[in-house]
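Notes follow the structure.
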Amino acid sequence: YYKTLFRLGRNYPFVLEIRWSGSFTDAELNFLPELHKKQDPEENPYIEDYDKLRLGGVETLRGWDYSDINFPPEWRIGENHRILYGIELRFPIVSPMLWWVFFTDAGCLWNEFKEVTLFSEDYRFSYGFGLKIQIPMMPIRFYFGRRVEFIDHKLTAIGGFNFSFGIGDMRF
């Protein structure tokens, strides 16, 4: 969801982006019992390793790496279900090409269906700032994100700001 909050002059909109996404897969294929009986999960896994869902990087949890040491061990290899939230405020430095960005992100991974509460130890968070160069079909993004965890019932920042860089769909 995008919303222009206000404008400074004609060419300088302050834009709010709110995003939510959820990806859910069923590794057991319980909803297709006939297929489930015909496939050996050892020889041919239902979900390949490269199909597992991950967090980290420019497009999910900015400031976290894909295999971040502070992630739970099972998150580093990927899980079957993912929820992401993000809020971003952006305003142009040079409209419409160069933008300042301020953001906060939240995400969670898990394998078994369970109740996950947003402000709990099930989630990881980040906040930060950056620059976005808006080139048609290939945005270039420079972000500095700070990792945050829910520890002892409090949101706690971990370390300093981490740099992440992206060109289009490429992540570095």
| What's the verdict on side chain to side chain contact (heavy atoms under 4.5 Å, CB included) for Asp51 and Thr25, showing C-alpha distance, side-chain angles and the deciding distance? | CA-CA 10 Å; Asp51 291 327; Thr25 57; over 6 Å; no
| Under 4.5 Å between side-chain heavy atoms, hopping through other hydrophobics if needed: is there a path connecting Ile87 to Tyr127? | yes
| remark: In short, Trp64 meets Val148 closest at the heavy-atom pair CZ2-O, 3.5 Å
| Should Glu59 and Arg141 count as an ion pair when the cut-off is N to O under 4.0 Å? | yes
Quiz: residues 95-102 side-chain donor-acceptor pairs under 3.5 angstrom, not counting sequence neighbours:
residue : atom : partner : partner atom : Å
Ser95   : OG   : Asn11   : O            : 2.6
Trp99   : NE1  : Pro96   : O            : 2.9

| said: I'd like to know if the side chain of Arg124 and the backbone of Cys108 have a donor-acceptor N/O pair within less than 3.5 Å. | reply: no
| task | Step by step, work out the side chain to side chain contact (heavy atoms under 4.5 Å, CB included) result for Glu149 and Thr156. | result | CA-CA 5 Å; Glu149 281 190 68; Thr156 306; 5.5 Å; no
| query | Between Ser126 (side chain) and Arg62 (backbone), is there a donor-acceptor pair under 3.5 Å? | reply | yes
| said: Tell me whether the rings of Phe125 and Phe150 are parallel (<30°), tilted (30 to 60°) or perpendicular (>60°). | reply: tilted
| query | Of all residues at least two apart in sequence or in a different chain, which pass the ring-ring contact (aromatic ring centres under 6.0 Å, His included) check with Tyr12? | reply | none
| query | Tell me, do Lys52 and Asn80 make a side-chain contact under 4.5 Å, heavy atoms counted? | reply | yes
| So which heavy atom on Arg146 is nearest to which on Gly159, and how close? | NE-O, 2.8 Å
| field | Candidates Tyr143, Phe161, Phe163 - the one meeting ring pair (Phe, Tyr, Trp, His ring centres under 6.0 Å) with Phe129 | value | Phe161
| message | By the salt bridge (Lys or Arg N to Asp or Glu O under 4.0 Å) test, which pairs, at least two apart or in different chains, include something from residues 64-74? | response | Asp68-Arg147
| query | Which atoms form the tightest heavy-atom contact between Phe71 and Arg76, and what is the distance? | reply | O-NH2, 2.9 Å
| Atom pair CZ/NE2 of Phe24 and His81 - distance to nearest 0.5 Å | 8.0 Å
